[in-house]
Q: 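Below is the structure I would like to discuss, written out as C-alpha cells.
Values below: every heavy atom of this structure, side chains too, minus hydrogens, waters and symmetry copies. The structure presented is a predicted model; accordingly, all values stated were derived computationally and were not measured. Position 1 is the first residue of the sequence; numbering continues from there.
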Amino acid sequence: MFELSFIWAGIIAFAVLTYVILDGFDLGVGILFPLADGEREKAMMMNSVAPIWDGNETWLVMGGGGLFAVFPLAYSVVMPALYMPIILMLLALIFRGVAFEYRWRTKRWKPIWDIAFFGGSIVAAFMQGIALGTLVQGIEVADRAYAGGWWDWLSLFSILTGFAVVVGYALLGATWIILKTEGSLQRQMQNLAWWLGVGTLCFIGIVSIMTPFQDPEYFSRWLNLPGSIFSVLMPAAVLAAAWALFTGLNAGKDGQPFLAAISIFVLCFIGIGISFYPNIVPPSLTIAEAAAPDKSLRFALVGTVVLVPMILAYTAYAYWVFRGKIDPAEGYH
C-alpha cells in the first residue's frame with residue numbers, strides 16, 4: 001500500500017508538472033496577446049499554439065482524474081476548499097478554447113473573441129496560482145473532511161502566488177514566441193522576456209521567503225538538516241537557470257531562453273514537493289492516508305502504464321510535426 005500510493009503520487013505530480021509546463025506557455029501566449037501589433041502578429045501568436053493547445057490540457061484531465069481515482073480522500077478535501085477558483089479556471093479555459101476556433105470565422109466579432117482569448121488565459125493562470133497558494137498555506141481538515149470556510153482560498157499569500165503564476169506563464173509564453181517566430185514580434189518578446197524573467201525571479205524570492213512561515217513544518221523542513229541542504233542547492237539551481245535565461249536572451253538565441261524558463265518552473269515544482277512531502281494536502285493529510293485501497297491502486301496502475309506512454313508519444317509526435325518557425329503566410333486554420 002505504501003509503495004503503490006507513493007508511485008501514484010509521483011504519477012500525479014508528473015501529470016501536473018507536465019500540464020504546468022505545456023499549458024503554461026500556451027496560457028502565456030494568451031496573456032501576451034494584447035501586445036501583438038496588428039492582426040498579422042496576433043495570427044502568428046495563435047498559430048504557434050493552435051495545433052497543440054488541446055493536447056496540452058490532456059495532462060490537466062489526467063491529473064484531476066487521477067487524483068479522484070487514486071486519492072479520493074484528498075479529492076474530497078481539496079475540491080470544497082477550491083470550488084470557486086477551480087470553477088472560474090474551467091470557465092476561463094472554456095471561453096479560451098472557444099475563442100481559438102471562433103475568432104477565425106468572424107470579422108465583426110473578432111475583437112470579442114480576442115478579449116475572450118486574453119481574458120480566459122489570464123483568469124485561468126491567476127486561478128491556478130490561487131489554488132497553489134491555498135494548498136501551500138494549508139487546508140483545514142477535521143474528521144477526514146474539509147473543515148474550513150468558503151473564502152479560505154482568498155488570502156494575501158494566495159493572491160501573491162496568483163500574480164506570480166501569471167508573470168511566470170507570461171515568461172514561458174514570451175520565450176515560446178521567441179522560439180517560434182522571427183522579425184519584429186520575436187524582438188519585442190526578447191525585450192519583454194528579460195523583464196518578465198526579473199519579475200518571475202522576484203516573485204519566486206518573495207514566495208520562497210513567505211512559504212516557511214505558512215506552517216511550522218515548512219520552517220523546520222527547510223531550515224534544519226537535511227532540509228537546509230536544499231535551502232542552498234535549490235536557490236543555486238534557480239540562479240543557474242536564470243543565468244541561462246538572461247545570457248540566452250542577450251545572445252539572441254531561440255531555444256535557450258525557453259528551456260531555461262522551463263527549468264525554473266521545474267525547480268520551483270521540486271521545491272513545492274520538498275515542502276509538501278509526505279503530505280498530499282498540507283498540513284495534515286499524508287499520501288498514505290489519502291490513498292485508495294491497494295486493489296484499486298493496482299487496477300488503475302495497469303491502465304496508466306499503457307495510457308501515459310501513449311499520451312507522451314502523441315504529444316511528442318504533435319510537437320515534432322509542428323516544429324520550426326511559424327510562416328506568417330500560412331495558418332493552422
Q: Would Ile112 end up clustered with Ile31 when hydrophobic side chains under 4.5 Å apart are linked, directly or stepwise?
A: no
Q: On a heavy-atom basis, which atom in Val77 and which in Arg144 lie closest, and how many Å separate them?
A: CG2-O, 4.5 Å
Q: Ignoring hydrogens and geometry beyond distance, is a side-chain donor-acceptor pair present between Thr175 and Gln256 at under 3.5 Å?
A: no
Q: Would you say Asp23's side chain and Tyr19's backbone share a donor-acceptor pair under 3.5 angstrom?
A: no
Q: Just checking, is any N or O donor in the side chain of Gln137 or Ser155 under 3.5 Å from an acceptor N or O on the other one?
A: yes
Q: Does a salt bridge link Lys325 with Asp254, judged by any charged N lying under 4.0 Å from a carboxylate O?
A: yes
Q: Which pair of heavy atoms, one from Phe246 and one from Gly197, lies closest together, and at what distance?
A: CZ-C, 3.8 Å
Q: With a 4.5 Å cut-off on side-chain heavy atoms, are Leu93 and Val123 touching?
A: no
Q: Which pair of non-hydrogen atoms, one from Ser208 and one from Pro212, has the smallest distance, and what is that distance?
A: O-CD, 3.0 Å
Q: About how many Å separate CD1 of Ile130 and CG of Leu88, when rounded to the nearest 0.5 Å?
A: 10.0 Å
Q: After noting the C-alpha distance and the side-chain angles of Trp153 and Tyr83, does the key distance pass the ring-ring contact (aromatic ring centres under 6.0 Å, His included) rule?
A: CA-CA 9 Å; Trp153 56 271; Tyr83 270 142; over 10 Å; no
Q: Give the cluster check for Trp194 versus Leu259: same hydrophobic cluster or not, with ILVMFWY residues linked at side-chain heavy-atom distances below 4.5 Å.
A: no
Q: I need the Cys268 SG to Leu17 CG distance, nearest 0.5 Å.
A: 11.0 Å
Q: Do the side chain of Asp152 and the main chain of Gly148 share a donor and acceptor less than 3.5 angstrom apart?
A: no
Q: Hydrogens and angles aside, do Glu41 and Ser184 bring a side-chain donor and acceptor to less than 3.5 Å of each other?
A: yes
Q: Verify the neighbour count for atom CZ of Phe269: are there more than 12 heavy atoms of other residues, nucleotides or ligands below 6.0 Å?
A: yes
Q: Check for me whether the distance between the ring centres of Tyr169 and Phe25 falls short of 6.0 Å.
A: no
Q: Assess the pair Phe163 and Phe203: is the distance between their ring centroids shorter than 6.0 Å?
A: no
Q: Do the side chains of Leu192 and Leu32 get nearer than 4.5 Å, heavy atoms only?
A: yes
Q: Side-chain contact, heavy-atom cut-off 4.5 Å: Asp26 with Ile52?
A: no
Q: Answer yes when Lys110 and Glu39 have at least one side-chain N-carboxylate O distance shorter than 4.0 Å, and no when they do not.
A: yes
Q: Is there a continuous path of hydrophobic side-chain contacts, each under 4.5 Å between heavy atoms, that joins Val166 to Leu90?
A: yes
Q: Do the two ring centres, one from Tyr277 and one from Phe6, sit under 6.0 Å apart?
A: yes
Q: Treating Gln190 as the side-chain partner and Leu249 as the backbone partner, does any N or O pair qualify as donor plus acceptor under 3.5 Å?
A: no
Q: Quick check on the hydrophobic clustering: are Met84 and Ile159 connected, directly or via other members, by side-chain heavy-atom contacts under 4.5 Å?
A: yes
Q: Between CD1 of Ile87 and CE of Met79, what distance do you get to the nearest 0.5 Å?
A: 7.0 Å
Q: Would you compute the distance between atom CZ of Arg103 and atom CG of Asp114 and round it to the nearest 0.5 angstrom?
A: 4.0 Å
Q: Report yes if the side chains of Thr18 and Met62 come closer than 4.5 Å at any heavy-atom pair, otherwise no.
A: no
Q: Would a single hydrophobic cluster contain both Ile177 and Trp195, if residues Ile, Leu, Val, Met, Phe, Trp and Tyr are joined by side-chain heavy-atom contacts under 4.5 Å?
A: yes
Q: Can you give me the closest heavy-atom contact between Ile280 and Ala290, atom names plus distance?
A: CG2-CB, 3.8 Å
Q: Can you list the steps and then say if Ile287 with Phe71 is a side-chain contact (heavy atoms from CB on, under 4.5 Å)?
A: CA-CA 8 Å; Ile287 294 171; Phe71 295 107; 3.8 Å; yes
Q: Closest heavy-atom contact between Val167 and Leu196?
A: CG1-O, 3.9 Å
Q: Tell me whether Phe68 at atom CZ has more than 12 heavy atoms from other residues, nucleotides or ligands lying less than 6.0 Å away.
A: no
Q: Quick one: does Leu22's side chain get under 4.5 Å of Thr58's, heavy atoms only?
A: no
Q: Sub-3.5 Å donor-acceptor pair from the side chain of Glu289 to the main-chain atoms of Thr286, do we have one?
A: yes
Q: Please assess Trp176 against Val29 for the test side-chain contact (heavy atoms from CB on, under 4.5 Å), listing each intermediate value before the final yes or no.
A: CA-CA 8 Å; Trp176 170 258; Val29 170; 3.8 Å; yes
Q: List the atom of Pro257, the atom of Gly248, and the distance in Å for their closest heavy-atom pair.
A: CG-C, 3.8 Å
Q: Any chance you could measure Ile264, atom CD1, to Leu201, atom CG, to the nearest 0.5 Å?
A: 5.0 Å
Q: Hey, are the side chains of Phe157 and Thr134 touching, using non-hydrogen atoms and a 4.5 Å cut-off?
A: no
Q: Do Phe100 and Trp113 make the cut of ring centroids closer than 6.0 angstrom?
A: no
Q: Walk me through it: do Phe33 and Phe117 pass the test ring-ring contact (aromatic ring centres under 6.0 Å, His included)?
A: CA-CA 8 Å; Phe33 194 66; Phe117 181 56; 4.9 Å; yes
Q: Would you compute the distance between atom OG of Ser5 and atom CD1 of Ile12 and round it to the nearest 0.5 angstrom?
A: 12.0 Å
Q: Does the side-chain contact (heavy atoms from CB on, under 4.5 Å) test come out yes or no for Met45 and Leu185, once each step is laid out?
A: CA-CA 9 Å; Met45 291 176 72; Leu185 179 59; 3.9 Å; yes
Q: May I ask you to decide if Leu297's main-chain N or O and Trp8's side chain share a donor-acceptor pair within less than 3.5 Å?
A: yes
Q: Please check this pair: side chain of Arg323 against backbone of Trp320, looking for a donor-acceptor N/O pair closer than 3.5 Å.
A: yes
Q: Are more than 12 heavy atoms from other residues, nucleotides or ligands located less than 6.0 Å from atom OH of Tyr102?
A: no
Q: Evaluate the side-chain proximity of Ile139 to Tyr146: yes if any heavy-atom separation is below 4.5 Å, no if none is.
A: yes
Q: Just so I know, are the side chains of Val78 and Leu135 near enough to count as touching, which here means a heavy-atom distance under 4.5 Å?
A: yes
